[in-house]
Novice: 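Below is a structure I'd like to ask you about.
Order of the sequence lines sets the chain letters (A, B, ...), proteins ahead of strands, with each chain counted from 1.
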2 protein chains.
Amino acid sequence: MSEAPALKHVQVREYVRALCEGAPPGSAAPSERELVQRFGVARMTVRQAMDSLVNEGLLERMPGRGTFVAKPKGEVGRLTSYTEDMAKRGLLPESSTLLARREQAGPGVARALDITEGDAVIHWKRLRRADGAPMCIEDAYLNEVILPGFLQSGMPTSLYDALEARGLRPTWAEDSVSADVANDDEAALLDVEAGAPVLRVARRALHEDKCVEVSRSVFRADRMTVYVQFADAR
Amino acid sequence: MSEAPALKHVQVREYVRALCEGAPPGSAAPSERELVQRFGVARMTVRQAMDSLVNEGLLERMPGRGTFVAKPKGEVGRLTSYTEDMAKRGLLPESSTLLARREQAGPGVARALDITEGDAVIHWKRLRRADGAPMCIEDAYLNEVILPGFLQSGMPTSLYDALEARGLRPTWAEDSVSADVANDDEAALLDVEAGAPVLRVARRALHEDKCVEVSRSVFRADRMTVYVQFADAR
DNA sequence: CAGTGGTCTAGACCACGGT
DNA sequence: CCGTGGTCTAGACCACTGG
C-alpha cells in the first residue's frame, strides 16, 4: 500500500477519475446519487469530489442531464519540462551536459531565485536534441539550498522528474518568449548559420512560492513553436 | 436595480468580493462562521461562496488561521487584446487599417473559424504602433455570421471591446508563437531591415466553443516579448 | 413522468494555530 | 483554551431535461 487517505471525498474523486480518465469525451460519469449509494456517503461529499474534477476540467456538468467527460480543449497552460514537451510532440528527447557545477549566485540569478548573492547555486548547461538534431541550448540555475546533493546524485535526464521525486515539482512558472538571431557560439552548437532566427525563452519556476529553477533557453526557430492557451475563468 | 439574484451563495460571494477586492494581500477575510451569522445561512452555503473566490485566486485559506486575500501572483494567462496588452505595458497603442472588407472564407480560414468554405468572413489587416513606432502587422479574420453589420458599424479601435459589446468576448484562445525573419513587405511596414528577427503569433479565439477570431501577427522582435504564466492546478 | 444537477439547512466532529 | 478551516451527515425543495 502506498497510502489510503480515509478522506471520503478523495476516495470518490479518485474512483470517478479512474473511470473517466480514459473515457471518450461525452461519456456519462456516474450520477451523484448513484455514487451516494455506492459509497454510502452524503451527497455533499460526492459533490465535493465532483467539484474538484469539474475544476480540473476532466468533467462537465449539464444541469438536468448529468455529468459527462469534458473534451480536453488542450491542457490549459500545463506546466511541462523539455522532456515532457518533446514527448508530447512525438520527438525523442536527448541531452548532453555542457556544464554542471556548483557556483556562487551572481546578482541577477540571486534575485531571480530569491536568494542572497553568493549563495550556492547549481549551474547546469545542456545541449538538447530532438530526434537526433539540435533543438535548444538550456542554461539553468537551481537553488542548491533546497536541493542538497543534487550534483552528486547523478544528473537525471528530466529535471522535473528529479524535482518531483523530491516533492519540489514546479507548481507555477512564468516564461518570457522573444525572437532573436543566433550568435556564433549558439549557431555552432545548434548547427545553424550565425544570424539564423532563434526563440529565446526565459523561465522562472516556483514550487509553492519558492523559486526552484530559473533558466534561459535558446531554440532553433525552424524546429520550435511555443503553444499557449488562455482561458478566462470567472 | 440591475438584478438581485436570490441565490444566497452568490450574495455572500459578492459581499466578500467587494470587501476583499481592493484590500491588500494578507488581509483577513471574514471568517466562515461570522458570515453564517451575518447572513443567517448554513455554513455549507458560505463555504460554497468562499470556494469560488478561492478558485478565482482572490482568497487563500490557511487551515487553523483563517481566510486571507491572496497576493495576485500575476494574472494567470489573462486573455488580452493588443490594445489591453500595450496599455498594461504602459505604451500608447495606435492602429491604421491596411485592409478591411468582406470576403469568402478560403479553406484554411474556414477550418480555423469552424465554418464552411465560401462563407462570409471579415478580413481586417492593420499596422499597429506603440508609442508612435511600428510594433506589429495583424491580419485578422472574423466570423461574419455572428457579427452582422460589423464592417458598417465603423471599425473600433479595440476589437475585443467591440466583441464584448456584442457579448462575444473571447473566453478561450490559443496562440502559437514562433521566431522568424521579416520579409521585404513586412520589413517596410515595420520599419526594420529585411531579415530582421520577428515574432510570429497565430491566434485562435473562441467564445464558448464558437470561434470568433483567427489572426496572424508579426511583431518586431526588438519591441515585443510574450509573457506566459503556467499554473498547475490540482 | 422520473432522473439529473443546483441550492440549502442545521447540525456534527476533527486537526490545527495562536494565546 | 478557543477560533479557524476541513470534513461529513441526512435530509430537503427547486428547475431543468429527457422520454
Novice: So, does B/R47 get its side chain near the phosphate of D/dG5, meaning an N or O under 4.0 Å from OP1 or OP2?
Specialist: no
Novice: Does the separation of the ring centres of A/Y160 and A/Y82 fall below 6.0 angstrom?
Specialist: no
Novice: Indicate the ring-plane relationship of A/Y141 and A/H123, choosing parallel, tilted or perpendicular according to the 30° and 60° boundaries.
Specialist: parallel
Novice: Just how far, in rounded Å, is C1' of C/dA10 from CD of B/Q37?
Specialist: 13 Å
Novice: Quick one: is B/T45 getting a side-chain N or O under 4.0 Å of the C/dT9 phosphate, OP1 or OP2?
Specialist: yes
Novice: If you draw a 6.0 Å radius around CZ in A/R38, do more than 12 non-hydrogen atoms from other residues or ligands fall strictly inside?
Specialist: no
Novice: Got a salt bridge between A/E32 and A/R47, using NZ or NE/NH1/NH2 to carboxylate O under 4.0 Å?
Specialist: yes
Novice: What is the distance, rounded to the nearest whole Å, between atom NZ of B/K8 and atom P of C/dT7?
Specialist: 13 Å
Novice: Check the distance between C/dG5's P and A/E60's CD and give it to me in whole angstrom.
Specialist: 13 Å
Novice: Find the distance A/Q48:CD to D/dG5:C1' and express it as a whole number of Å.
Specialist: 12 Å
Novice: Could you give the CZ-to-C1' distance, from A/R65 to D/dG19, as a whole number of Å?
Specialist: 13 Å
Novice: Nearest whole angstrom, please: distance from the C1' of D/dG11 to the CE of A/M44.
Specialist: 12 Å
Novice: Please determine if a side-chain N or O atom of A/T67 lies less than 4.0 Å away from the OP1 or OP2 oxygen of C/dT4.
Specialist: no
Novice: Starting at CZ of A/R43 and ending at C1' of C/dT9, how long is that distance when rounded to a whole Å?
Specialist: 13 Å
Novice: Hey, which sits more toward the 5' end of DNA chain D by its nearest nucleotide, A/G64 or B/G64?
Specialist: B/G64
Novice: Between the base of D/dG5 and the side chain of B/R33, is there a donor-acceptor distance below 3.5 Å?
Specialist: yes
Novice: Answer yes or no: are there more than 12 heavy-atom neighbours, outside B/R111 itself, under 6.0 Å from its atom CZ?
Specialist: no
Novice: Just to verify, what does A/F219 make a ring-ring contact (aromatic ring centres under 6.0 Å, His included) with, not counting sequence neighbours?
Specialist: none
Novice: Check A/R216 against A/A202 and note the closest heavy-atom contact, atom names and distance.
Specialist: NH1-CB, 4.1 Å
Novice: To the nearest Å, how far apart are B/Q11 CD and C/dG6 P?
Specialist: 19 Å
Novice: Under 4.0 Å between a side-chain N or O of A/S31 and OP1 or OP2 of C/dT4?
Specialist: yes
Novice: Quick check: on DNA chain C, is the nucleotide nearest B/A42 upstream (toward 5') of the one nearest A/M62, or the reverse? Name the residue that is more 5'.
Specialist: A/M62
Novice: How bent is the helix from C/dC1-D/dG18 to C/dG18-D/dC1, comparing axes over its five end pairs at each side, to the nearest 10°?
Specialist: 10°
